[in-house]
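Everything on this sheet refers to the single structure shown next.
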Amino acid sequence: MTLLKKKVFVAKLPLDISLPIKDTVAPKNDFSSIDDLRIAVELYEKAIINERLKQYNGNRAKAAESLGLPKRTLAHKCQKLEIQFK
């Protein structure tokens, strides 16, 4: 399943993380527009991982450490969420 095919509205993200979707962002603390929590969580997680990989110029070891994850877990999440840092 491709995450970007389904329309999802999510709450405003912290740290100026922008989602890789063009949907409207729900007003702060207004979660009533989220109709699929699993997809919303995946998009949030994907945005955070992408931002951290950018911060560390694609270095997965440093990104994983900064997120408190083992490298293997981050690699698995990148594969699952189809994250390819270029």
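Please read all numbers here as calculations on a predicted model, not as lab measurements. Any value given below was found using the heavy atoms of this structure, including those in side chains, with hydrogens, waters and symmetry copies removed.
- Summarising the geometry, atom CD1 belonging to Ile49 is positioned 13.5 Å from atom NZ belonging to Lys54; distances are rounded to the nearest 0.5 Å.
- We find that Arg38 and Glu42 are joined by a salt bridge, their nearest charged nitrogen and carboxylate oxygen being less than 4.0 Å apart.
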Donor-acceptor pairs under 3.5 angstrom involving side-chain atoms of residues 58-72: please list them, not counting sequence neighbours.
| residue | atom | partner | partner atom | Å |
| --- | --- | --- | --- | --- |
| Asn59 | OD1 | Ala61 | N | 3.0 |
| Asn59 | OD1 | Lys62 | N | 3.0 |
| Ser66 | OG | Arg52 | NH1 | 3.0 |
| Ser66 | OG | Ala63 | O | 2.8 |

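- Taken from CD1 in Ile39 to CD1 in Ile34, the straight-line distance is 12.0 Å, to the nearest 0.5 Å.
- In terms of the side chain to side chain donor-acceptor pair (under 3.5 Å) criterion, residue partners of Glu45 (sequence neighbours excluded) are, by chain and number, Lys77.
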